[in-house]
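Working notes, beginning with the structure itself.
Below, chains carry the letters A, B, ... as their sequence lines are ordered, and counting in each starts from 1.
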Amino acid sequence: MNKVRTRIAPSPTGDPHVGTAYIALFNRCFAHQHGGEFVLRIEDTDQQRSTDKSEQDILSSLKWLGLTWDEGPGCEGDFGPYRQSERSDIYSDHIQQLLENGSAFRCFCTPERLDELRAQQMQDKSQPGYDGHCLSLSQSECENKCAADEPHVIRMKIPGSGECEFEDMLRGGVSIAWSQIDMQVLIKSDGMPTYHFANVVDDHLMEISHVIRGEEWINSTPKHILLYQHFGWEAPAFCHMPLLRNPDKSKLSKRKNPTSIRYYEAMGYLPEALLNYLGMMGWTMPSGEEKFSLSEMEASFDISRVSLGGPIFDIEKLDWLNGKYIREELTDEEFTKRFAAWAFAPEKVAQIVPLLKQRVERFSDVASLGGFFIDGSLEISEASFAHKTIDSAQSAKILQFTLWKLEALEQLDRDAVEVELHALAAKFELKIRDFLFPLFVALSGKAVSTSVIESILILGIDIARARIRQAILVLGGISKKQAKALEKEFCNF
RNA sequence: GUCCCCUUCGUCUAGUGGCCUAGGACACCGGGUUUUCAUCCCGGCAACAGGGGUUCGAAACCCCUAGGGGACGCCA
């Protein structure tokens, strides 16, 4: 058997997600269990959404958890570069091969035509997908369009009939009809490869032997297998892990649950506890022991022990485990050190001090005024939101709208938040001080507090989001029906 | 809508045809220890989705039904 090599391939388009860490953990364990290597590759082919900041966040979050990689950015091996945006030449060479051997074709259809096509297919309740329009273009038509610089994409050809059968390491045989598979775009009109194409090319060139990824990819596996065939390459083994779930069983999402690794860091979870918790999602030690370190997991890892039901990410059990780690693994000295490093991180203190200094008369005022910066959840009740003109329903609405605004914000900076909040207050026809009142309470637990905007920035979007959501719940919550109506109103704002 | 995957206590799970009257952990409820609380200890509650096969024997294998989830983008 060839050397085992696995990879995690995050896309730097948002917060570092616990799901990424989850899949990374299993990839790392599998590789190391077999004396192989674990590779990190950045899939930044989406030029619109990829950011350097997100990449940095993902890398540092994985490191924080101890999920270091044997090869990847900052740890160059023989298969670099490890960032897809730096591999353009490789993709253009390879797409040329497919164009030449007839397994891919140029498509000049406009996005408008494709939207229309899809809308029609949806209406007819048929399987949405490309209709093969440009397949019938003659060679000369195609050349003329290219010469005229007409924007186009490159798509892969799909067998007209039959089934794609493949082995999943956990599920056994899976078969999907080729008729279900779309003629996937491989190269976008901006010249960048799509995930499907870059992923296959890179996995092959980086000699990835086992692709361990989320269940959401099962349905596109035939596309990948077909690409390996088009190139004449041997496909790796595939293994699809169950998806982490919200308490309502849907795929874990930030709208329903904190998903950012940063959130768990900011809430004061120990990385080793969070990692251990992720390890017990769908997996158990052969001994049955629930508390285990990364090296223990790697030593006893056995992928066949993965269970297939999608596990619910249960914060209560994580809390228990984290407490267990604090009690059993930290000496008083270590606790002191780690708590201080967490609570009094210099960058954080530097931001908080100016806000507190002007509002305190004695140091002994600091804890009650600034305590909410290190508190986890706040003790608030509906009564905390009592206000002379704003009732509970109105408060909940203000909080919900603010939450949506914050979620929509590309980047969290002072000015942007200020502009948005003022705009919202105006729409509500409220004075900014009245409008901000529920936010003060939601974020700090008190009616009197440091600046809301600064507080959001210091707390971080993840904690702010969680607190606002909690406050809405305390205020009686918002039913699905109400949420729908509100969302409509929000869009019209 | 079409296709794919999944299904054991509320939750995470053990279980690979007889050790199953289904085990452990979280949560919850009792009790003990503790000046309170927490920790810790002891006890309790609680599940094989339903139906049909195969078998001497099914939680486990097969089929059907139901439920849940996912995928169907010039996002990944």
Side-chain angles (χ1 to χ4, degrees), chain A residues 9-14 17 19-20 42-50 84 107-111 114-115 117-118 121-130 151-155 163-164 166 168 170-199 213-223 240-252 277-291 304-324 326-328:
Chain A
S11 172
T13 54
H17 200 280
T20 304
I42 298 290
E43 307 227 332
D44 54 351
T45 56
D46 185 338
Q47 301 267 268
Q48 268 80 48
R49 296 198 304 146
S50 297
Q84 290 186 330
C107 166
F108 298 86
C109 293
T110 60
L114 295 174
D115 285 347
L117 178 67
R118 190 167 300 115
Q121 287 163 331
M122 291 293 226
Q123 207 185 344
D124 298 347
K125 306 212 162 167
S126 61
Q127 162 92 4
Y130 186 61
H152 65 279
V153 302
I154 300 174
R155 292 178 182 272
E163 302 258 311
C164 174
F166 64 93
D168 179 279
L170 296 173
R171 293 152 223 268
V174 176
S175 89
I176 297 175
W178 285 117
S179 60
Q180 289 295 316
I181 309 299
D182 199 10
M183 294 177 220
Q184 181 62 46
V185 171
L186 301 178
I187 301 289
K188 304 181 235 180
S189 58
D190 66 1
M192 292 296 275
T194 57
Y195 164 84
H196 302 281
F197 185 65
N199 189 266
R213 56 177 12 167
E215 197 178 6
E216 60 207 308
W217 294 107
I218 290 185
N219 286 282
S220 35
T221 303
K223 291 174 189 171
H240 294 94
M241 295 286 297
L243 255 25
L244 261 23
R245 314 279 188 100
N246 295 312
D248 70 0
K249 293 197 161 86
S250 55
K251 175 164 119 173
L252 192 64
Y277 181 67
L278 289 173
M280 54 200 261
M281 301 272 83
W283 195 76
T284 43
M285 278 290 217
S287 68
E289 181 56 57
E290 292 198 285
K291 185 169 152 223
S304 70
R305 292 185 64 82
V306 169
S307 60
L308 260 16
I312 290 170
F313 194 91
D314 176 17
I315 302 224
E316 265 178 357
K317 188 145 188 180
L318 170 62
D319 285 341
W320 163 78
L321 189 65
N322 201 62
K324 197 171 163 71
I326 287 180
R327 288 188 298 276
E328 296 176 5

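- In summary, contact between chain A and RNA chain B, defined as any nucleotide atom under 4.0 Å from a heavy atom of the protein, begins and ends at B:G1 to B:A76 in the 5' to 3' direction.
- The gap from the P atom of B:C37 to that of B:G30 amounts to 13 Å, rounded to the nearest Å.
- To the nearest whole angstrom, the two P atoms, one in B:U54 and one in B:A71, are 40 Å apart.
- In this entry B:A71 has B:U2 as its Watson-Crick or G-U wobble partner, both defining distances falling under 3.5 Å.
- Along RNA chain B, the nucleotide nearest A:Q180 and the nucleotide nearest A:R305 are compared for position; the residue whose nucleotide lies closer to the 5' end is A:Q180.
- Pair check for B:C40 finds B:G32; Watson-Crick or G-U wobble, both atom distances under 3.5 Å.
- At a threshold of 4.0 angstrom between heavy atoms, the contacts of A:P311 are confined to the sugar-phosphate backbone, with no base atom among them.
- Across B:U65 and B:C6, the matching C1' atoms stand 16 Å from one another, rounded to whole Å.
- Taking atom C1' in both B:G51 and B:C4, the straight-line distance is 24 Å, to the nearest Å.
- Checking A:T284 against A:D44, the closest nucleotide of RNA chain B that is more toward the 5' end is the one next to A:T284.
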| query | For A:Y130 and A:C109, what are the C-alpha separation, side-chain angles and deciding distance, and is it a side-chain contact (heavy atoms from CB on, under 4.5 Å)? | reply | CA-CA 10 Å; A:Y130 186 61; A:C109 293; 3.2 Å; yes
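- Salt bridge absent: A:E290 and A:K324 never bring a charged side-chain N and a carboxylate O closer than 4.0 Å.
- Note on A:G310: only backbone sugar-phosphate atoms sit closer than 4.0 angstrom, heavy atoms only; bases stay farther off.
- Base engagement by A:Q127 is indicated by at least one non-hydrogen atom pair under 4.0 Å involving a base atom.
- Within the nucleic acid shown, A:G282 comes within 4.0 Å of sugar-phosphate atoms alone, with no base atom in reach, counting heavy atoms only.
- Classification of the A:Y277-A:F313 ring pair by plane angle, with boundaries at 30° and 60°, yields perpendicular.
- Counting any heavy atom pair closer than 4.0 Å across all strands shown, A:S175 reaches sugar-phosphate atoms only and no base atom.
- The residues A:E215 and A:K251 are annotated as not salt-bridged, no charged nitrogen and carboxylate oxygen being separated by less than 4.0 angstrom.
- As judged by a 4.0 angstrom heavy-atom cut-off over every strand, A:S220 is placed among residues making no nucleic acid contact.
- B:G73 and B:C12 have their C1' atoms separated by 35 Å, with the value rounded to a whole Å.
- B:A27 and B:C62 have their P atoms separated by 37 Å, with the value rounded to a whole Å.
- Nucleotide B:U7 forms a pair with B:A66, judged by Watson-Crick or G-U wobble geometry with both contacts under 3.5 Å.
- If you check every strand for non-hydrogen atoms under 4.0 Å, A:C109 touches a base.
- B:A66 and B:C29 have their C1' atoms separated by 33 Å, with the value rounded to a whole Å.
- Nucleic acid contact for A:E290: base, since at least one base atom lies under 4.0 Å from a heavy atom of the residue.
- Inter-residue side-chain proximity for A:H240 and A:L170 is flagged as unmet; no heavy-atom pair is nearer than 4.5 Å.
- Using a 4.0 Å heavy-atom criterion, one finds that A:R49 contacts the bases of the nucleic acid, with or without backbone contacts as well.
- Nucleic acid contact class of A:M281 (heavy atoms, under 4.0 Å, all strands): sugar-phosphate only.
- A:R49 contributes no side-chain N or O that, together with a main-chain N or O of A:T13, makes up a donor-acceptor pair within less than 3.5 Å.
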| query | Between A:N219 and A:Q180, does a side-chain contact (heavy atoms from CB on, under 4.5 Å) hold up when you go through it step by step? | reply | CA-CA 9 Å; A:N219 286 282; A:Q180 289 295 316; over 6 Å; no
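- At least one side-chain heavy atom of A:P242 sits less than 4.5 Å from a side-chain heavy atom of A:V306.
- Heavy atoms of A:V153 sit under 4.0 angstrom from at least one base atom.
- Using Watson-Crick or G-U wobble geometry with both donor-acceptor distances under 3.5 Å, B:C61 finds its partner in B:G53.
- Going from the C1' atom of B:A59 to that of B:C48 covers 5 Å, rounded to whole Å.
- Heavy atoms of A:L321 sit nowhere under 4.0 angstrom from any nucleic acid atom.
- The backbone N or O of A:G129 sits less than 3.5 Å from a side-chain atom of A:Q121, completing a donor-acceptor pair.
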